[in-house]
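The chains referred to below are lettered A, B, ... by the order of the sequence lines, with proteins before strands, and numbering in each begins at 1.
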Protein chains: 2
Amino acid sequence: MLKLSTKGQYGVRAMFEVAKGYPDRPVSIKEIARRQEVSVAYLEQILSTLRRAGLISSVRGPGGGYLLTHGPAHISIAVILRELEGPVSIASCMDPEEGCHRVEGCVTHTLWRSLGEKIDAFLSTITLDDLLKDERLLMDAAEHDRIVTIKRAAAGQGG
Amino acid sequence: MLKLSTKGQYGVRAMFEVAKGYPDRPVSIKEIARRQEVSVAYLEQILSTLRRAGLISSVRGPGGGYLLTHGPAHISIAVILRELEGPVSIASCMDPEEGCHRVEGCVTHTLWRSLGEKIDAFLSTITLDDLLKDERLLMDAAEHDRIVTIKRAAAGQGG
DNA sequence: TAATACCCTACTAGATTTGTCAAGTATTTA
DNA sequence: TAAATACTTGACAAATCTAGTAGGGTATTA
Ligand code: FES
Ligand code: FES
């Protein structure tokens, strides 16, 4: 339950790749596609949406690609997902546009709203910068593992 | 984004109605259907799932219906939704059964897992008993409004 | 045996998801 | 200017999921 569509998932991963080029190295769709194993054509759709939303800008021609319009610390996962999948809306009848004649006296209405707010709050605190840091941690951990493995091998305890 | 299906939504609302009959008054599908404005046929599917999961038991024949198998304070929204919609799984590639060869070194993996855990934790703290209390609050508020309205009307300030 | 009420499976129209494809436009470099 | 790179856009479609409906069955009570 409560799945995110691939568009949202790929979108965040793509933004993470674009963030790696911050502040001035344009990252091409091709590069993102290769690194994140997502098709170029599908990424085009996703990045196009994010560009129209103003989260990234594009540079055409050879050497071109996408650039973050703001610092990685100022782009939260919440805003990326909001552009690609719309606002958090656990139950469709919470949407003020769609409306629901049962809202008043509905015991679950408050519940879904609280949950939605909690999710939104959480995703708003996580930024691209956090993901970049996370990767550094992952890489450090891998490096550490590698060193440990090498040391073990050198000590004849490999395996 | 992060929508709940109607099955989950109706399921919680149905369980709320069943909870009203706790501990010994069976609540029929018909009654639930009327109160929650959901079709009988659809509710049959939903309640059948919940019964097989052991959350409710059924009593056949005239005067029959459904009963909670445990106290309302011991049935969380999380377990109801889990039975109807499966476990929280923000991204499908987090599911250990489906698997994903990119898990290691994937920056979003940790993110989705954290979010999933947060959601699960929240939904686990809310029980049917909370919904029952909530309704009492709602009714009290309505009663209060009604009294105020009556007093105003009596004082010639109605509207 | 009539009425009530749960039980179960199958089916389906419509929406959504998850992409692909084709034909552009803009920019740079040779 | 020609070629290559790379973004831009809109149309389209297979696959899946959602949100139910339909219809026949079983158990219980009066
Ligand atoms: S708000 Fe629509 S049913 Fe609760
Ligand atoms: S875990 Fe599958 S892509 Fe991140």
Chemist: Side chain of B/P62: nearest nucleotide among D/dT28, C/dT28, C/dC8?
Modeler: D/dT28
Chemist: Quick check: closest heavy atoms across A/L128 and A/A19, and the distance to 0.1 Å?
Modeler: CD1-CB, 4.1 Å
Chemist: Indicate whether OP1 or OP2 belonging to C/dC7 is found under 4.0 Å from a side-chain N or O atom of B/R52.
Modeler: no
Chemist: Less than 3.5 Å apart, any donor N or O on the side chain of B/S5 or B/E85 sitting next to an acceptor on the other?
Modeler: yes
Chemist: What is the distance, rounded to the nearest whole Å, between atom CZ of B/R25 and atom P of C/dA5?
Modeler: 12 Å
Chemist: Would you say B/R51 places a side-chain N or O within less than 4.0 Å of OP1 or OP2 belonging to C/dA5?
Modeler: no
Chemist: Looking only at N and O atoms, is any donor in the side chain of A/Q45 or the base of D/dT8 less than 3.5 Å from an acceptor on the other one?
Modeler: no
Chemist: Cluster question for you: counting only ILVMFWY and a side-chain heavy-atom cut-off of under 4.5 Å, with indirect links fine, are B/Y22 and B/V59 together?
Modeler: no
Chemist: With side-chain contact (heavy atoms from CB on, under 4.5 Å) as the test, pick out the partner of A/M15 among A/L131, A/L84, A/I80.
Modeler: A/I80
Chemist: Taking only residues two or more places apart in sequence, or in another chain, which ones meet A/V27 in a side chain to side chain contact (heavy atoms under 4.5 Å, CB included)?
Modeler: A/R25, A/E31, A/I32
Chemist: Nearest whole Å is fine: how far is C/dG19 P from A/L84 CG?
Modeler: 14 Å
Chemist: Mark yes or no for a side-chain to base donor-acceptor pair under 3.5 Å between B/E44 and C/dC7, with no hydrogen or angle criteria applied.
Modeler: yes
Chemist: Closest-nucleotide mapping onto DNA chain D: is B/Y42 or A/L47 further toward the 5' terminus? I mean the 5' end.
Modeler: A/L47
Chemist: Can you tell me the distance, in whole Å, between the CD1 atom of B/I56 and the P atom of C/dC7?
Modeler: 8 Å
Chemist: Any non-hydrogen side-chain atom of A/L111 less than 4.5 Å from a side-chain atom of B/D134?
Modeler: no
Chemist: Grab the CG-C1' distance between B/L4 and D/dT18 for me, whole Å please.
Modeler: 13 Å
Chemist: May I have the distance from A/K3 (atom NZ) to D/dC17 (atom P), rounded to whole angstrom?
Modeler: 8 Å
Chemist: Would you kindly give the CD-to-C1' distance between A/E85 and C/dT18, to the nearest whole Å?
Modeler: 12 Å
Chemist: For A/R60 and D/dC7, give me the distance from atom CZ to atom C1', rounded to whole Å.
Modeler: 5 Å
Chemist: Near DNA chain C, which residues from residues 26-36 of chain A have a heavy atom under 4.0 Å away?
Modeler: none
Chemist: Is any side-chain N or O of A/T6 closer than 4.0 Å to OP1 or OP2 of C/dT18?
Modeler: yes
Chemist: Considering residues, nucleotides and ligands other than B/K118, do more than 12 of their heavy atoms fall under 6.0 Å from its NZ?
Modeler: no
Chemist: At less than 4.0 Å, is any side-chain N or O atom of A/S39 found next to OP1 or OP2 of C/dT20? Yes or no.
Modeler: yes
Chemist: Would you check if B/R52 and B/E83 make a side-chain contact, meaning some heavy-atom pair closer than 4.5 Å?
Modeler: no
Chemist: Nearest whole angstrom, please: distance from the P of C/dT20 to the CD1 of A/I46.
Modeler: 11 Å
Chemist: At less than 4.0 Å, is any side-chain N or O atom of A/S5 found next to OP1 or OP2 of C/dT17? Yes or no.
Modeler: no
Chemist: Should B/Y66 be listed as having a side-chain N or O under 4.0 Å from OP1 or OP2 of C/dA5?
Modeler: no
